[in-house]
Each structure stands twice: as structure tokens, then as C-alpha cells.
There are 2 protein chains.
Amino acid sequence: MTRVLVVDDEPQILRALRINLKARRYDVEVAGDGAAALRLAASHRPDIVVLDLGLPDMDGVQVIRGLRGWTNVPIIVLSGRAGSQDKVAALDAGADDYVTKPFGVDELLARVRAVTRRAAGAGEEVPAVEIGRHTVDLGAHAVRTGDGAEVRLTPTEWHLLEILVRHPGRLVSQRQLLHDVWGPQYQSETNYLRQYMAQLRRKLEDDPARPRHLLTEPGMGYRFQP
Amino acid sequence: MTRVLVVDDEPQILRALRINLKARRYDVEVAGDGAAALRLAASHRPDIVVLDLGLPDMDGVQVIRGLRGWTNVPIIVLSGRAGSQDKVAALDAGADDYVTKPFGVDELLARVRAVTRRAAGAGEEVPAVEIGRHTVDLGAHAVRTGDGAEVRLTPTEWHLLEILVRHPGRLVSQRQLLHDVWGPQYQSETNYLRQYMAQLRRKLEDDPARPRHLLTEPGMGYRFQP
DNA sequence: TCCGATCGTCAAGATCACGTCAAGAAGAGG
DNA sequence: CCTCTTCTTGACGTGATCTTGACGATCGGA
């Protein structure tokens with residue numbers, strides 16, 4: 001869930017934003033002044049900050065600088081001042097967007113979506129598993145052996161291996177493998193499986209005749225054993 | 001140098017922005033309508049787009065969608081309409097910022113800096129990589145050989161190379177390459193890929209017949225090996 | 001012990017994908 | 001208007017990959 005930190009000194013704005021954001025399934029924290037904002041940002045690590053420039057204890061631009069010192073969380077600035085100087089100062093201090101009061105809640109939510117969309121690019125987990133002396137990197141679509149050499153797999157081999165590796169330890173039936181790799185009308189051509197499982201073992205297992213990770217479950221299917 | 005594409009149908013705004021941006025050392029392209037904007041964006045690959053919603057030939061939101069189909073270049077929208085509906089529509093279509101006319105040039109420039117700063121932060125840890133005797137400098141959009149000579153790449157060649165280099169070691173599927181370089185409707189024209197990969201190898205690989213960095217994964221895609 | 005089912009292996013032809021060459025079309029610049 | 005670059009499109013030979021069939025080996029049950 002996306003965490004939003006709202007910083008404003010007007011209780012009614014705080015309340016309105018909290019209600020609207022919660023209704024959109026955001027996780028909302030609120031702060032009434034700059035000091036609390038910096039403290040909460042450090043402790044709760046929000047995914048986005050909505051910041052009013054008119055705070056009682058410190059200048060809003062100082063808050064932006066305080067945040068930018070250690071994070072580049074997206075910051076949307078609210079302000080009653082429409083002056084060009086203020087906008088330039090806030091944006092150059094590190095803000096990502098600037099909205100002048102009074103503003104529509106719909107607009108603010110749209111801007112929240114816009115900046116989170118852009119910031120969402122990072123953060124993908126890529127699994128990698130070991131088979132004997134080889135490392136299967138699903139994200140990079142590559143198999144490397146211990147000394148860095150590449151093992152080349154054909155598209156069908158990859159497809160088959162990927163299904164097995166994505167269900168580690170689980171038995172995958174022949175029907176499902178055939179259906180997923182070759183299509184719905186190939187559910188009884190088990191010789192395809194025999195053919196390609198043998199090729200995978202030749203390329204990946206230390207002793208292809210005695211597989212330790214790509215196992216056969218007679219009569220049922222195959223299993224990848226990590 | 002940061003390339004900016006300015007799209008507006010009012011010549012005086014075009015002129016004012018061109019002068020101001022060039023003074024700030026931006027590389028400026030201009031377009032007077034949506035069709036020209038989409039064409040120029042495809043051929044010149046700007047780093048940021050400034051887009052007026054009131055275009056003579058098509059709705060501005062359509063232009064945003066047309067761009068978002070194949071690129072996520074930052075888009076700053078200009079508009080005379082201050083209505084909340086327009087802002088929400090534009091931002092949700094994929095715009096990154098929304099500025100209402102009349103606007104101050106200083107403010108627009110600050111917003112340009114804000115979005116480019118964020119776009120740069122997203123994926124910029126690989127400014128330069130090595131391919132054989134050549135150095136590919138993504139930031140400078142240039143390829144140099146060891147003795148300082150420059151290698152000229154066409155826009156299409158550069159775009160293709162850039163995608164591969166930005167995913168070092170990763171397999172990039174043919175579909176994704178075709179989609180990102182040529183557009184959504186070219187996802188099966190693999191002969192384009194063969195053509196341009198061959199040209200890149202001729203220009204960059206020491207032995208184009210035996211590529212060591214721009215590798216083919218038969219049936220699946222291509223891979224840049226650092 | 002025999003028998004049937006299932007699996008691993010080998011070997012072939014058919015098919016597909018890739019690299020390459022080449023030529024026309026479209027666009028940019030002078 | 002002309003020239004040069006770049007993009008698009010087609011065709012072909014070659015090699016890798018897929019498909020298909022066949023043959024022992026192994027195992028469990030009759």
C-alpha cells in the first residue's frame with residue numbers, strides 16, 4: 001500500500017485529505033508542522049509527501065531541503081501563494097510538483113498518481129536458483145556455470161525449465177507442462193517431454209543419468225528440486 | 001544536452017520558449033500540431049516534451065496517449081483551461097505535470113528542471129559502457145572509439161542500442177525491442193531487428209561476424225553483454 | 001516368469017530463425 | 001531541385017531447432 005505523508009497546519013485540509021486518500025486505499029500519515037514532518041518522514045518512510053509551504057514553525061523550502069538531504073521521495077507542494085518566485089524556489093529545492101490553493105481534491109489525487117507512477121519504476125525482485133554447478137537467472141533469462149561461462153538454452157528448453165523452476169519442489173503434471181509449452185492440443189505427446197527433459201538434464205545436471213534437481217515422477221509428471 | 005520538444009500552435013509561444021530554452025542550453029525542437037509532435041518525438045527522441053493541449057488537429061490527451069504507447073518521456077502539459085476535469089484527464093493519460101496559461105517562463109523552466117531531475121534519478125547509474133574498442137556514452141548520446149574518433153549512429157540504431165545497454169546482461173525480447181523502437185504495431189517485423197542489429201555490430205563489434213557484446217538469443221531476443 | 005506401460009535415448013527429416021545482400025522509398029539539408 | 005542519408009521491404013542460403021518415429025531398459029502387477 002502506498003504511504004502518503006500529508007503536512008499542513010490547517011486541520012480541515014488535513015482532515016479532507018486524510019479521508020479522500022484513505023478512501024483511495026492510501027496509507028496516510030499527517031503532520032502539522034515542519035519538525036513533525038521531518039521526524040515522521042524519517043521514521044515512516046512515506047512513498048510520497050504532500051507538503052504545505054505555509055507552516056508555523058519553519059519555511060516550507062527548508063522542509064524540502066531537509067528531506068532532499070537523505071531521500072528523493074516524491075514531494076508535491078501545496079501553497080496559497082501563486083507567485084512565480086515561490087514556485088521556482090520550491091521546485092528547484094527539489095519538489096516534484098506545485099499546486100496552488102484552493103485546489104480540487106481530484107486534481108491533487110491525479111497529481112499524486114502522476115508522480116507515484118513515475119517513481120514506481122524501481123524495485124523489481126529477480127529470482128535466481130541453483131542447479132548443480134549452474135545458476136539459473138530467470139530475470140536475465142540466462143544460465144551461467146560457476147566460472148562465468150554461459151549455457152545456451154533453446155526457447156522450448158527455457159519455457160519448460162521456467163515452469164518447473166517457478167514451482168520449486170512442486171510436482172508439475174505432464175498435462176500442464178504440455179499445455180503450457182506446446183499448447184492445448186498437445187496434451188498427450190509425452191515424447192516431447194522426454195526429449196526436452198533429457199536435453200535439460202544434459203545441459204544442467206552434473207550427472208544427466210542420475211538427475212538430482214530435474215526429477216521424474218513416473219506416471220505423473222516432473223519436479224524441480226532446489 | 002537535454003532535448004526538449006515543444007508542441008504549441010501559437011507561434012509567439014513557440015518562439016518565446018525556443019529562445020528561453022536555448023539560452024539555458026537545451027536542445028529545442030518545435031511542432032505546431034499533434035501529428036508533427038508524434039512524428040518528431042519518434043524520430044528525435046526528446047528527453048522531455050512540453051505540450052499544449054489546444055492543438056488544431058487533434059485533442060491533446062490523444063497526443064499524450066500516442067506518446068505513452070511507446071515511451072515514458074516526461075510530459076509537461078500547457079493549457080488555457082484551468083478546469084479540474086482537464087487536469088485530471090491529462091495527468092491520468094500519462095502527463096507528468098500541468099501548467100495553466102498564462103504562465104511565467106521561470107515557472108515553466110523550474111518545472112522542466114523538476115521533471116528532468118526525477119527522470120534522471122530513475123535509472124541513471126550507467127552513463128558509459130564499453131563495447132570492444134568503443135565507448136558508449138549514454139548521457140552524451142555519443143560513441144567514441146579508443147583514439148577519440150566518433151562513431152555515427154542513426155536515430156534508430158541509437159534507440160535500439162540504448163535499450164539493450166540499459167539492461168546489461170539481460171535478455172530483451174524481440175517483441176519488446178520492436179515495440180519500444182518502432183511502435184506497438186510492428187511486433188512481428190523481426191527483419192527490422194536483423195537489419196539494425198547487423199548494422200550495430202558492423203559499427204561497434206571488433207569482429208561483426210562473431211559478436212561478443214551484442215548477442216543473439218535465437219528465437220527469443222537479444223542481449224547486451226558488458 | 002511374462003506382459004504392458006512408461007521412460008530414456010538415438011536418429012532422421014522438416015521447419016524455422018538468423019545473417020546477409022540488395023534495391024526502392026522517404027526524408028533532410030543545401 | 002538535387003544529393004545524401006536513413007528507413008523500409010523483399011529474397012535467399014545456412015545452420016540451428018523442432019518434430020516425429022523407433023528401440024531398449026526398467027518397473028510393477030498378473
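We name chains A, B, ... by the order of the sequence lines, and we start the count at 1 in each one. Keep in mind that this is a model prediction, so the values were computed, not measured.
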Which part of the nucleic acid, if any, lies within contact of A/T216, taking any heavy atom under 4.0 Å across all strands shown: a base, the sugar-phosphate backbone alone, or nothing? sugar-phosphate
Give one of base, sugar-phosphate or nothing for A/Q174, where a contact means two heavy atoms less than 4.0 Å apart. sugar-phosphate
Between B/P218 and B/Q195, which is nearer to the 5' end of DNA chain C once each is assigned its nearest nucleotide? B/P218
Need one value for B/R152: base, sugar-phosphate or nothing, where a base atom within 4.0 Å counts as base even if backbone is also close, heavy atoms only. sugar-phosphate
note: A/E217, atom CD; C/dG8, atom C1'; distance rounded to Å ~ 16 Å
So, OP1 or OP2 of D/dT5: does either fall under 4.0 Å of a side-chain N or O from B/T154? no
Are B/E29 and B/R3 within salt-bridge range, i.e. N to O under 4.0 Å? no
Measuring to OP1 and OP2 of D/dT6, would you say a side-chain N or O of B/T156 lies under 4.0 angstrom away? no
The residue among A/R201, A/R202, A/K203 that forms salt bridge (Lys or Arg N to Asp or Glu O under 4.0 Å) with A/E157 is A/K203
Rounded to the Å, how far apart are A/M197 CE and C/dT6 P? 18 Å
Of B/K101, B/R15, B/R18, the residue whose pairing with B/D8 passes salt bridge (Lys or Arg N to Asp or Glu O under 4.0 Å): B/K101
To the nearest Å, how far apart are B/E205 CD and C/dG19 P? 12 Å
Does D/dT19 have OP1 or OP2 under 4.0 Å away from a side-chain N or O of A/W182? yes
Whichever of B/Y186 and B/L153 has its nearest DNA chain D nucleotide further upstream toward 5': B/L153
Starting at the 5' end of DNA chain C and moving along, which residue's nearest nucleotide shows up first, B/Y222 or A/P208? A/P208
Hey, is CD on A/Q225 packed in by over 12 heavy atoms from elsewhere, all under 6.0 Å? yes
Can you tell me if the side-chain N/O atoms of A/R201 get under 4.0 Å from OP1 or OP2 in C/dG8? yes
Which whole-number value in Å describes the distance from B/N191 CG to C/dA23 P? 18 Å
